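Let me begin by presenting the structure, written as structure tokens, before commenting on it.
Labels below follow one simple rule: chain letters A, B, ... track the order of the sequence lines, proteins then strands, and each chain is numbered from 1. Computed from a predicted structure; not experimentally measured.
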Number of protein chains: 2
Amino acid sequence: MADVAARAGVSLGTVSRALRGLDGVSPGTRDRIREVAAELDYVVNPEAAALAGRSTGRVAVVLHDLPSWYGSSVVLGLERVLRPAGLDLLVRCVDDPEDRVRFFASMPLRRKVDAVVVVAIALTSAEVAKLHDGGVAVVAAGSHSPDVPFVAIDDVLAAQQAVNHLLQLGHRRIALLNTVAATDRAWQAQRDREQGFRLAMEMAGIPVDEELVVSWSGGSRGGAQGMDRLLSGRRLPSAVFAFSDEVALGAMRSLRRAGIGVPRQISVLSIDDHPLAELTDLTTVAQDPVALGRAAAEQVLDLLHGRPVREVGPFPTRLVVRGTTAPPLE
Amino acid sequence: MADVAARAGVSLGTVSRALRGLDGVSPGTRDRIREVAAELDYVVNPEAAALAGRSTGRVAVVLHDLPSWYGSSVVLGLERVLRPAGLDLLVRCVDDPEDRVRFFASMPLRRKVDAVVVVAIALTSAEVAKLHDGGVAVVAAGSHSPDVPFVAIDDVLAAQQAVNHLLQLGHRRIALLNTVAATDRAWQAQRDREQGFRLAMEMAGIPVDEELVVSWSGGSRGGAQGMDRLLSGRRLPSAVFAFSDEVALGAMRSLRRAGIGVPRQISVLSIDDHPLAELTDLTTVAQDPVALGRAAAEQVLDLLHGRPVREVGPFPTRLVVRGTTAPPLE
DNA sequence: CTGAAAGCGCTTACAG
DNA sequence: CTGAAAGCGCTTACAG
């Protein structure tokens, strides 16, 4: 920058202001400075700028399930809008609840990033306060935290869309295959989807058989085990609404092994529209986590530029009927 | 850092040296300083460190397929060893070939990161030279580049393992469902797997029917289309070796739609052991991309610490026999 | 509108 | 083994 200043015959401060387009530089000098800078192929040193100013040009994304379709899609969406905006993306996986507590307790984010996006993680007020005190902007994707802008689908609605489809097909004995672990989305999604399930049943005037409500660990393995549990019950359900596509795929494996036809004997559907849902012909309620990531990134930009954050309504979800749902037998 | 120095009763320089484990600090003072730092939840400001010294405390991972099992698993592996080492991980997705050229041409990595890990991307000598000139260390995972340490499986061998399994079952009309696009691993993997396929056939003394060698775009969609192509041929194969599990799953959908039984009429197998392979009962040659990521991270640490880089042999792959392969009919 | 100067929080020769 | 000091390349009050 010193070179640029010397060559343009101005001071460092003026160059700094001109290059960033701040007010208080005459158009003439500004243009001349920019010309010289271009000529010299000059780019500001981000470390120095960050040290002197207060922004780092980086945002962190914190999630717990990286090698998963959902998490990595959100990251992709974030990257797609953050990078063109000149911001770099830093990823941090938190494995288990303890790791997560440790992470937010010892705020290593301060001065490392301008903002953090938490994916499917519900922060406590204390955690949010700590981040804000550290001057770090916070945005949530797929979960809610106090005083934090967020983007998310309406989990209650998504579950209703799923269950209503089963109801319309004529099902009455509908099982809920939910998940519990912190490794699978936030507890909020679990709670909301269960609520949507119950709401839909209630509106149809059908009492929920509590024996058909199972909460197991997440992922396909959990889905398989949860389905085994359902299969060992006194009466089988005629349809299963699973927390996610992965859970549903696990459940379908159990059904296949038990020799139960899908959808002939039992219908299965879930939420996500994972790329493999199409391959396995799974009926599901689709969501778009890449779009979610993009929207979260927009909120980050608003926050960093001091603009009012665009409030976005719940992200749309839509039923995709494929081959794993059909009217019940008899 | 000033706080830590004051509290420990030493100078800034000593704290800096102690925290980085440099020589020339007595074990006693070093431990005391570290204790105080821990107590104060102190973390060095990376900007200042980078500005004063030359390292940024960051490493970038560059890949093209983020929302994929392979890519995100490698990232997870990297994160798992880089983070404990005090390094932050920055992700950069390159979408298409042009984007990738642009990225490496305008070296925005200089002074932003200490090292870059390319995942399944083959760099040119010029690109590598540019990175090295910029003082950036380079490591490759799942691909090779000139003068760059790498970790990878032996793709030729993996393909042979797959094809040999089919040969032992008695198959002779074996199709290769390969991929071409840059969006799916590096071209190196495609070439090597095809070579492994041909090698195995040759060693079994079976001529390859070139009509059964199909290269389609990647992903499950490409697999489905490639399989359609094979199905429209004059004579069907009795077994299909697919580039990856995703491709194989796409192929299996085409087979299902065509009413062809797997493995009764056609056997299918591939490479990866994607979590969904188990769910869909897919026979495959397993690899471990998380381990690959960890190993790449170790190499990065070696490079950054000026240690000789540990050469690691090809990562092991192993055949996992499941339900999609069986002896040929009749 | 522009400049001179302090300072961001570290690292690194250089002394001792 | 440890300290005092210069300096990394910027930004930002503060003057003018």
Is the backbone of [Y] close enough, under 3.5 Å, to the side chain of [X] for a donor and an acceptor to pair up by distance?
{"X": "S16(B)", "Y": "L12(B)", "value": "no"}
{"X": "R30(B)", "Y": "L19(B)", "value": "no"}
{"X": "T179(A)", "Y": "G218(A)", "value": "no"}

Check this one for me: any side-chain N or O of R20(B) less than 4.0 Å away from OP1 or OP2 of dT12(C)?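 Yes.
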Output yes when at least one side-chain N/O atom of Y42(A) is less than 4.0 Å from OP1 or OP2 of dC10(D), else no. yes
Would you call E298(A) and R80(A) a salt bridge, using N to O less than 4.0 angstrom?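 R80(A) and E298(A): not salt-bridged.
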What is the distance, to the nearest angstrom, from the [atom1] atom on [X] to the [atom2] atom on [N]?
{"X": "E47(B)", "N": "dC10(D)", "atom1": "CD", "atom2": "C1'", "value": "12 Å"}
{"X": "L22(B)", "N": "dC1(D)", "atom1": "CG", "atom2": "P", "value": "13 Å"}
{"X": "L51(A)", "N": "dC10(D)", "atom1": "CG", "atom2": "C1'", "value": "8 Å"}
{"X": "D23(A)", "N": "dT12(D)", "atom1": "CG", "atom2": "P", "value": "13 Å"}
{"X": "R17(B)", "N": "dC10(C)", "atom1": "CZ", "atom2": "P", "value": "15 Å"}
{"X": "R32(A)", "N": "dC1(C)", "atom1": "CZ", "atom2": "C1'", "value": "13 Å"}
{"X": "L19(A)", "N": "dT11(D)", "atom1": "CG", "atom2": "P", "value": "8 Å"}
{"X": "D31(A)", "N": "dC1(C)", "atom1": "CG", "atom2": "P", "value": "13 Å"}

So if I take every side-chain heavy atom of [X] and compare against [options], which nucleotide ends up nearest?
{"X": "M1(A)", "options": "dC10(C), dT2(C), dC10(D)", "answer": "dC10(D)"}
{"X": "S26(B)", "options": "dC1(D), dG3(C), dC8(C)", "answer": "dC1(D)"}
{"X": "A49(B)", "options": "dT11(D), dA4(D), dC10(C)", "answer": "dC10(C)"}

Ignoring hydrogens and geometry beyond distance, is a side-chain donor-acceptor pair present between D272(B) and Q287(B) at under 3.5 Å?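 On atom types as modelled, these side chains qualify, holding a pair under 3.5 Å.
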Starting at the 5' end of DNA chain C, which residue's closest nucleotide do you reach first, T14(B) or A48(B)?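 Nearest-nucleotide comparison on DNA chain C picks A48(B).
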Heavy atoms of Q299(A) and R310(A) approach each other most closely as NE2-O, 3.2 Å
Is there a side-chain contact between S68(A) and W69(B) (heavy atoms, below 4.5 Å)?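 No; the side chains remain at least 4.5 Å from each other.
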Hey, where does DNA chain C pair up into stems, meaning at least three consecutive Watson-Crick or G-U pairs with distances under 3.5 Å?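 Only these stems qualify: C:1-3 with D:14-16, C:5-12 with D:5-12, C:14-16 with D:1-3.
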